[in-house]
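For reference, the structure is listed below as structure tokens.
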Amino acid sequence: MSSMNGSKLVVNGVTKIFKMGSGFSRINITAVKDISLEIDLAKGEIFTLAGESGSGKTTLSRIILGIIEPTYGKVLYRNKNIFAMKRNERRQFIKEVQVVSQNPFEAFNPLKKVESYLFKTAIRFGLARDKKGAIPHVEKALKAVGLSLAEINDRYPNELSGGQLQRVAIARSLITQPSMIVADEPVSMIDASLRMSIINLIKQLNEESKINFIYITHDLATAYYVSHKIAIMLKGEVVELGSIDLLTEPLHPYTELLRTSIPEPDPDKALEAIDKELVISKRNFDSDFACKFADRCPSKMKICEREEPKNYIVNGRIVKCHMYSNKGIKMTNSIQI
Ligand SMILES: Nc1ncnc2c1ncn2[C@@H]1O[C@H](COP(=O)(O)OP(=O)(O)OP(=O)(O)O)[C@@H](O)[C@H]1O
Ligand SMILES: [Mg+2]
């Protein structure tokens, strides 16, 4: 057995700087800046990372998955630094923390039958010695996503719909009975009519099997529908973090801006408006202000231009905004709510 214990995933002060170009044209891109968050795996929660395009969601998720190393900071999984794990610990980590990618058509080789991925996963992780032994594991995982082996047998990726293929991808991630699944925009490439069924599947797996999800999206409506906690990201930083209710009563002016883009009571229109807001902010290139939201903030103060806001704990949330310097408790290190 592995030596991993504890029940938390802890992201502690993580920064990722990509170095691009060479010589005089060298530039640094800070994709993720000083992010801290904590997930209690025993709780079985859906944690959303939301933010405009380029806000660092994928970079952060790849760091959490151990795919790219942070420039600063650490990620601890069950008390182990994921970038300093021993072989058996690493294997256990990969088994417990699975990923579902954005585009199911890219996740599967078009020349391979889809069921082969399921069988291989079961065998690779030692759940079965051969294909025959793997059948019960494969059937169980497929059943959990509303499919059966008979339905996908002998099929190639292009013979399934995007929604079905994403279900197979989720089934593959379930084979090892993970404690957490990282899903990076799992429905954005799927036909609109099938999206809700996948979102509902995630919700159901969370409720029934207590699997934790990191759900990455720029769609606040589905985030509100499925998640327990949310981190609002803006240009590589988390500006507000806490229970999903923060969407209805935002503290940070950026979250407020996102909320007021929701013209009630039509949820479809709300979605459109949020998308529009996120597209507008996408066009917004880096300002020189110390606060990343200062250039658009209706509550901007002089200090926002020159001093980066600290993280404050207010009403059980973390808010990165100068407005709370008197109302909140300043966070001294990367502890979490
Ligand atoms: N491998 C890389 N090399 C250089 N820059 C990168 C790399 N990966 C990401 N970036 C940059 O880091 C920033 C954050 O990108 P990231 O893909 O994490 O954002 P995102 O929130 O996932 O965006 P989207 O919603 O479009 O998927 C962007 O400015 C991006 O151009
Ligand atoms: Mg992304």
Side-chain angles (χ1 to χ4, degrees), residues 11 13-23 25-37 46-73 75 83 97-107 162 166 169 181-190 195 198-199 202 213-224 226-227 229-241 252 254-255 257-258 261 271-289 292-293 295-296 320:
V11 174
V14 161
T15 293
K16 179 69 195 180
I17 301 169
F18 289 109
K19 296 192 188 308
M20 305 287 287
S22 58
S25 60
R26 187 172 300 177
I27 52 159
N28 287 344
I29 297 170
T30 306
V32 159
K33 192 178 167 201
D34 196 19
I35 290 187
S36 297
L37 54 90
I46 301 184
F47 190 115
T48 289
L49 298 177
E52 63 203 44
S53 183
S55 59
K57 305 181 296 294
T58 297
T59 304
L60 179 61
S61 74
R62 290 168 70 87
I63 292 170
I64 290 171
L65 286 163
I67 299 167
I68 52 175
E69 241 184 292
T71 315
Y72 305 109
V75 179
F83 294 96
V97 181
Q98 288 283 320
V99 61
V100 172
S101 65
Q102 183 172 15
N103 189 344
F105 291 100
E106 278 173 10
Q166 196 62 311
I181 296 175
V182 178
D184 190 347
E185 310 224 30
V187 296
S188 64
M189 306 297 281
I190 291 169
R195 281 184 197 162
I198 299 291
I199 295 291
I202 288 174
F213 281 86
I214 293 184
Y215 172 57
I216 297 174
T217 188
H218 63 266
D219 168 12
L220 293 181
T222 58
Y224 188 68
V226 297
S227 15
K229 290 197 179 135
I230 188 165
I232 305 284
M233 295 183 67
L234 175 69
K235 296 176 183 171
E237 298 176 1
V238 169
V239 296
E240 187 162 357
L241 185 156
H252 196 286
Y254 178 55
T255 321
L257 177 76
L258 294 177
S261 323
L271 211 62
E272 245 173 60
I274 290 166
D275 275 347
K276 216 158 99 196
E277 169 52 37
L278 291 170
V279 170
I280 293 166
S281 46
K282 188 165 89 178
R283 277 196 231 112
N284 218 304
F285 288 102
D286 270 354
S287 76
D288 293 330
F289 297 142
K292 294 280 201 294
F293 190 55
D295 52 349
R296 282 185 293 155
K320 191 178 167 75

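Residue numbers run from 1 in the order of the sequence given. Read the numbers this way: they start at 1 and go in the same order the structure lists the ligands and their atoms. Source: prediction; values computed, not measured.
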**Request:** Return yes or no for this condition: an N or O of Leu60 is under 3.5 Å from an N or O of ligand 1.
**Result:** no

**Request:** Give yes if a backbone or side-chain nitrogen or oxygen of Gly54 is under 3.5 Å from a nitrogen or oxygen of ligand 1, and no if not.
**Result:** yes

**Fill in**
Quick note on ligand 1: atoms under 4.0 Å from a heavy atom of Ala31 include exactly 12 (O), 13 (C), 14 (C)

**Prompt:** At the 4.0 Å heavy-atom cut-off, does Arg62 count as touching ligand 1?
**Reply:** no

**Prompt:** Is it true that atom OH of Tyr72 has more than 12 heavy atoms of other residues, nucleotides or ligands lying nearer than 6.0 Å?
**Reply:** no

**Asked** Can a cation-pi geometry be assigned to Lys16 and Phe18, taking NZ or CZ under 6.0 Å from the six-membered ring centre and within 45° of the ring axis?
**Response** yes

**Asked** So is Met20 in contact with ligand 1, going by heavy-atom distances below 4.0 Å?
**Response** yes

**Request:** Just let me know how Met233 lines up against ligand 1, side chain, backbone, both or neither, with a heavy-atom cut-off below 4.0 Å.
**Result:** neither

**Request:** Output yes when a protein non-hydrogen atom is found under 4.0 Å of atom 21 (O) of ligand 1, and no otherwise.
**Result:** yes

**Message:** Counting backbone and side-chain atoms alike, is an N, O or S atom of Thr59 positioned under 2.8 Å from the Mg ion (ligand 2)?
**Reply:** no

**Request:** Please verify whether a non-hydrogen atom of Gly51 lies at under 4.0 Å from ligand 1.
**Result:** no

**Which of the ligand 1 atoms, numbered from 1, are nearer than 4.0 Å to a heavy atom of Ser55** = 19 (O), 21 (O)

**Prompt:** How about Asp34 and Thr15: does a side-chain donor come under 3.5 Å of a side-chain acceptor?
**Reply:** no

**Request:** Would you mind telling me if ligand 1 is within reach of the side chain of Glu185, the backbone, both or neither, using heavy atoms under 4.0 Å?
**Result:** side chain

